[in-house]
Each structure stands twice: as structure tokens, then as C-alpha cells.
Trainee: 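Quick one: the structure is below, questions incoming.
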Amino acid sequence: EARPWELKKTESIDVMDSVGSNIRVDTYNWEVKRILPRLNNEINEEWISDKTRYSCDGLLKQRLDIPYIKKNNKLYKSSWNEAIDLIVKKIQETNPNEIAGHVGDMTGLENALAFKKFFNYFGSKNLEFREKKFYLNPDEKMNYIFNSSIKGIEESDLILLVGTNPRHEATMLNARIRKTFVQKKVPIYSIGDPGDLTYDYQIIGDKTDDISKIIKRENDFSKKLLSSKKPIIIIGESALELKSGKYIFEEIKKFLNENNFISKDWNALNVLVQNASTVGLIDLKILPDEKSDYTFFEKLNNSKFKLLYLLGSDNLKIKKNNEFVVYQGSHGDRGAEIADVILPSAAYTEQNGLYENLEGRVQECRKASYPIGESKEDWKIFNLIIKKIDENNKNFIFELLREEVKEKILNFKEINELPEKTLINKESINSEFISEKITINPLDYYYSNSISRASKTMSECRKINQDIRKTG
């Protein structure tokens, strides 16, 4: 136990979801004792979600603090040298086209860039960050960020949710919608049924046909939308996962552009991504061959990869056959379960890093305590491997990685600022219409990442939540 005045206080940001709430991490020695909100009126005001506040006990549990190697189907403790020798041997034996990497949901931008450059050393382009297939158009910044901004929600006069449950996917953003609803009684509509969002909304359909009717101006809602001054349309990952995800996104974008709802002053097009690392990883083009197709998933399902390197990735569904799996992460979670080699790395509170939130705002996550046991920061682990591959390879230097990240981020202004607003400069993409139901995929809110799954508090919350569902 510790007294408040004995705690070291570090200003940082939260990576449990894509909002990037500003937090203060209080530590005693290396243990994170509590997480408190920091005032930032642009993002989370003075609030943080329960998951952000209470899952910090997961930073102490289930931690990986020493490398492991699997022998005869059992994991044995190992040394860094032995683990890295084995990985280098496997990399050298394997054809670069059969080596793949997956970047997890809480990975900082510098580490992700180091991972991409590390893959360039041996010529593999099979990189992916998506945990499931969803439509993505990385050509323009506005295609994957929340353009209206979180603060901009308060200016809106109509909100349409398309295949999203903001209460679970981005809790603080939902709180801002609720605030706007309470103050201005702004009308809120949804396509798909998200359940209880803590405010009143109207479901205006649950099929892609309903979106098609809005775009063709065949229903009452399109009149309301066209007569509004500052509408907000929020497209969730559940909608983009559909076969018609491309149609939903591209046609809504085209419709908004034709009706002057996408301008420098107001951009009504918003995509709500779920993970803290998503927007930044799209900017860094962590995609197979830098294209947004699904080749990674197809090869993974057909067991085309011989070596799979998971960087903090615990939510990717993998049916393991004969792949050699390397897991580099902070917790003994789903990724570590299937791994042949485990490299222990630092959690988000134990290393510096930039993250880009859903608005495209780049923020700095600061080191509040130090890595546990023998674990190391991610980019330092890559240094060990590339030096082992070839003595002449240059080491990564954190400061240089950070500078390069800033150069690569589209429309980057400066840290803590929104990206520069741009107009559409690409031709609209044609897409075919497929009639299908829009269901909002349930998110296991209290178990959404490796830290919350290791947290005792979160598992108790989840159990209570499940009991309520069973018994009502």
C-alpha cells in the first residue's frame, strides 16, 4: 500500500480504446497504483471510462517477464540469447514471402514503424493490423478518422449512427453525444440496433437497403438530413465488415460531398475505429504490400505462412497448424498461448510512444514505470534481432523513429493538434450494392484487450454483466 504523496505522477494517455483520453498514471516503485483523468476539453473533459480507470490492476497480473521457448509442446524459461538465436535461425530458413507480421491494438507508432523496417530487412511485405476483415480506403486521411472531432459533436444538429455502438466502442465519445443530447435534444438516429446507449435514439432500419434509400432520397430521413446544417454520420467497424462495407462507406461519402457536407468548415463523415493504434497504423501503411486488401487473411486461413510474428497482438483469430509463432508482448494472453517463442516486452505505461486517436490527433504516451523482470521495450528487441542477423545492420534509435513517424503521418500539424483539414481530392470509387442486414457485432467490453483480461476488477464486472443478461 502507498500514501498519495508517495506516488510518482506521470501525465500520459489511455490506450484502452481509440479516444485517447488524457490520464495521469500514479506509480509506486514500478507498480501502477491508480489511473486518474486529466482535464482536456477537446477529448475527454474531466472524465474517463470505467475500463480506463479500473483495469490498471491488470498491469500487475499475468505478466511476461522472461523469454520462453516451446519444447515438446511445453513452454520453458529461456535466455534472450537462446530465444533470439532460434528466431534468427527460423527467419533465415524461411522464404520472406512466408513470413508475416501482425501488429496489436495497443502498439505505439515508433514501435510499429520499427517493426515495419525490421520486416524490410528480410524483404517481407506481409504486414497487417486489422483483427478482422473490414473495408478500408487509406488514400485520404478523412477516410478513416472522426472528422467532425469529439468537441464538434456539441455543434451538430443531427446524428446518424451506422452499424456502431459508441457506448462500448468509444465510451468517452458516447458521453459527449449524451451531453449534447441532454443540452440540445439533438435528434439521434441509428441503422442497426446498438442496444442501450444512455440516451434516446430512433432506429430507422437495419439493412443496407435503408442506406441506399437515404442516398437516393427515397425516405423521410434524407429530407431531415439535407435540411440539417451540421449533421454527423458515424460509421462503425461492424458496417465496414459487411460485404457491402465498401458500398456503405463510399456511397455515404459521395452523398455527403455532393450535398456540401464535406468542407473545410464542417465534415460530416466520421469513421469510428475501435483500437488505439488503428489510425496511426493506417498512416504508417502497416498493410500487406501497403494495399488495403484482404490477402493477409486469405493466406493466414490457407496456412500459407511458415513464420508468424505477433507484436502485442492478442485478438487475431488464428487456427494454428504448422506455423512457427513468435509472440512479443507484455501479457500471457491469447497470443502467448499459441506461441513457440515468447519475447517479453513493456506495457504501454512502461515505454514512451506516440498514439493517434480516432480524430487523427497525435498524442504522447509517457513512460510511468519501468519494464518488469527481463522484459524490454519493443524497438530494443528488434535491435537485438537485426544485430544477430547481420552485425552491420544499423540499430534503431528511438528519437529518429519518432521524427520519421511525424513525417509519415498524413496532414500532421503538431502533437496534440487535430490534423490539417483537406477537401476530397480523389475520384469517388465505384462499389456494388449488396442487400444485407446490418448487425452490430457485440464487443466484450470488459475483456477487449490483454490488460483488461488480466484485470481482476474487469473480470468481476464482466461476471456481473453476464449474470444480469442471464437473469435480467
Side-chain angles (χ1 to χ4, degrees), residues 18 103 109 112-113 116 120 125-149 162-164 211 215 232-275 277-298 354-362 404-413 417-434:
S18 58
V103 183
L109 295 181
L113 180 65
K116 185 176 180 180
N120 285 345
K125 293 270 194 294
N126 299 316
L127 287 173
E128 182 59 270
F129 68 88
R130 290 173 289 187
E131 291 154 357
K132 45 197 187 282
K133 296 181 192 178
F134 63 83
Y135 175 72
L136 185 63
N137 176 352
D139 296 343
E140 281 180 292
K141 184 86 171 188
M142 72 168 74
N143 293 344
Y144 48 88
I145 62 171
F146 198 90
N147 292 290
S148 308
S149 82
V162 180
T164 179
I211 294 173
I215 289 159
I232 284 184
I233 293 185
I234 303 174
I235 303 170
E237 284 184 13
S238 295
L240 299 174
E241 277 177 52
L242 298 169
K243 291 189 184 106
S244 51
K246 183 175 182 182
Y247 173 85
I248 292 171
F249 177 79
E250 296 298 345
E251 291 300 319
I252 287 177
K253 181 179 174 184
K254 199 158 125 194
F255 174 79
L256 291 173
N257 194 33
E258 284 166 2
N259 294 295
N260 301 325
F261 287 134
I262 294 180
S263 66
K264 285 263 170 110
D265 302 323
W266 185 258
N267 188 335
L269 179 75
N270 297 288
V271 174
L272 179 51
V273 295
Q274 292 177 12
N275 293 342
S277 59
T278 299
V279 176
L281 297 180
I282 299 172
D283 274 344
L284 295 180
K285 300 261 190 295
I286 306 280
L287 289 160
D289 288 322
E290 303 203 341
K291 297 188 190 71
S292 60
D293 53 19
Y294 303 135
T295 50
F296 179 90
F297 296 102
E298 284 150 17
L354 294 177
Y355 287 85
E356 198 174 348
N357 82 342
L358 48 74
E359 309 165 283
R361 189 192 300 270
V362 177
E404 195 176 334
V405 162
K406 289 179 187 173
E407 285 163 23
K408 280 190 182 301
I409 287 174
L410 290 176
N411 309 350
F412 175 71
K413 272 207 289 221
E417 294 290 319
L418 287 170
E420 283 173 27
K421 289 195 162 46
T422 51
L423 294 170
I424 290 181
N425 53 13
K426 296 274 193 294
E427 293 295 307
S428 61
I429 297 175
N430 292 324
S431 51
E432 56 172 317
F433 172 74
I434 302 165

Trainee: I'd like to check Lys141 versus Glu420 (side-chain heavy atoms, cut-off strictly below 4.5 Å). Are they in contact?
Mentor: no
Trainee: Is the shortest heavy-atom distance from the side chain of Ile233 to the side chain of Phe255 under 4.5 Å?
Mentor: no
Trainee: Mind checking the CD1-CH2 spacing from Ile232 to Trp266? Nearest 0.5 Å is all I need.
Mentor: 4.0 Å
Trainee: Given Ile234, which of Val271, Leu269, Thr164 fulfils the side chain to side chain contact (heavy atoms under 4.5 Å, CB included) condition?
Mentor: Thr164
Trainee: Under 4.5 Å between any side-chain heavy atoms of Leu109 and Lys408, yes or no?
Mentor: no
Trainee: Got a second to check how far Ile235's CD1 is from Ile248's CD1, nearest 0.5 Å?
Mentor: 8.0 Å
Trainee: Does Arg130 have any salt bridge (charged side-chain N to carboxylate O under 4.0 Å, His left out) partners at least two apart in sequence or in another chain, and if so, which?
Mentor: Glu128
Trainee: With sequence neighbours excluded, tell me which residues meet side-chain contact (heavy atoms from CB on, under 4.5 Å) with Lys125.
Mentor: Asn120, Asp289
Trainee: side-chain contact (heavy atoms from CB on, under 4.5 Å) with Val362: which residues, sequence neighbours excluded?
Mentor: Leu354, Glu356, Ile409, Phe412, Ile415
Trainee: Got a second to check how far Leu284's CG is from Leu113's CG, nearest 0.5 Å?
Mentor: 5.5 Å
Trainee: Output all residues satisfying side-chain hydrogen bond (donor to acceptor under 3.5 Å, both in side chains) with Lys132, sequence neighbours left out; order by chain, then residue number.
Mentor: Glu237
Trainee: Within a strict 4.5 Å, meaning less than it, do heavy atoms of the Phe146 and Val273 side chains meet?
Mentor: no
Trainee: Does a side-chain heavy-atom distance below 4.5 Å link Tyr144 with Leu410?
Mentor: yes
Trainee: Should Tyr355 and Val279 be marked as a side chain to side chain contact (heavy atoms under 4.5 Å, CB included) after you check the CA-CA gap, both sets of side-chain angles, and the distance that decides it?
Mentor: CA-CA 9 Å; Tyr355 287 85; Val279 176; over 6 Å; no
Trainee: Would the distance check show the side chain of Asn357 and the main-chain N or O of Glu359 forming a donor-acceptor pair, the cut-off being under 3.5 Å?
Mentor: yes
Trainee: My understanding is that only residues two or more places apart in sequence, or in another chain, count here; which of them pass ring-ring contact (aromatic ring centres under 6.0 Å, His included) with Tyr247?
Mentor: Phe433
Trainee: Once ring-ring contact (aromatic ring centres under 6.0 Å, His included) is applied, do any residues pair with Phe296, and if so which ones, sequence neighbours excluded?
Mentor: His102, Phe305
Trainee: How far apart are the closest heavy atoms of Ser149 and Leu418, and which atoms are they?
Mentor: CB-CD1, 4.0 Å
Trainee: Might you confirm whether atom NZ of Lys133 has over 12 heavy atoms from other residues, nucleotides or ligands at distances under 6.0 Å?
Mentor: yes
Trainee: Keeping Ser18 on the side-chain end and Leu358 on the backbone end, is there a donor-acceptor pair under 3.5 Å?
Mentor: no
Trainee: State which residues pass side-chain hydrogen bond (donor to acceptor under 3.5 Å, both in side chains) with Asn267; sequence neighbours excluded, sorted by chain then number.
Mentor: none
Trainee: Using every non-hydrogen atom in the two residues, find where Ser148 and Ala268 come nearest and quote the distance to one decimal.
Mentor: OG-CA, 4.0 Å
Trainee: The criterion is side-chain hydrogen bond (donor to acceptor under 3.5 Å, both in side chains); which residues satisfy it with Asp293, sequence neighbours excluded?
Mentor: Thr295
Trainee: Quick one: side-chain hydrogen bond (donor to acceptor under 3.5 Å, both in side chains) pairs with a partner in residues 248-264, sequence neighbours left out?
Mentor: Tyr135-Glu250, Asn137-Glu250, Glu140-Lys253, Asn143-Lys253, Arg217-Asn259
Trainee: Which donor-acceptor pairs under 3.5 Å do side chains of residues 239-246 form with protein atoms, sequence neighbours excluded?
Mentor:
{"from": "Glu241", "atom 1": "OE1", "to": "Asn441", "atom 2": "ND2", "distance (Å)": "3.1"}
{"from": "Glu241", "atom 1": "OE2", "to": "Asn441", "atom 2": "ND2", "distance (Å)": "3.4"}
{"from": "Ser244", "atom 1": "OG", "to": "Glu436", "atom 2": "OE2", "distance (Å)": "2.7"}

Trainee: Holding to side-chain hydrogen bond (donor to acceptor under 3.5 Å, both in side chains), I want the full list of residues that pass it with Asn147, two or more places apart in sequence or in another chain.
Mentor: none
Trainee: I'd like to check Pro419 versus Ile145 (side-chain heavy atoms, cut-off strictly below 4.5 Å). Are they in contact?
Mentor: yes
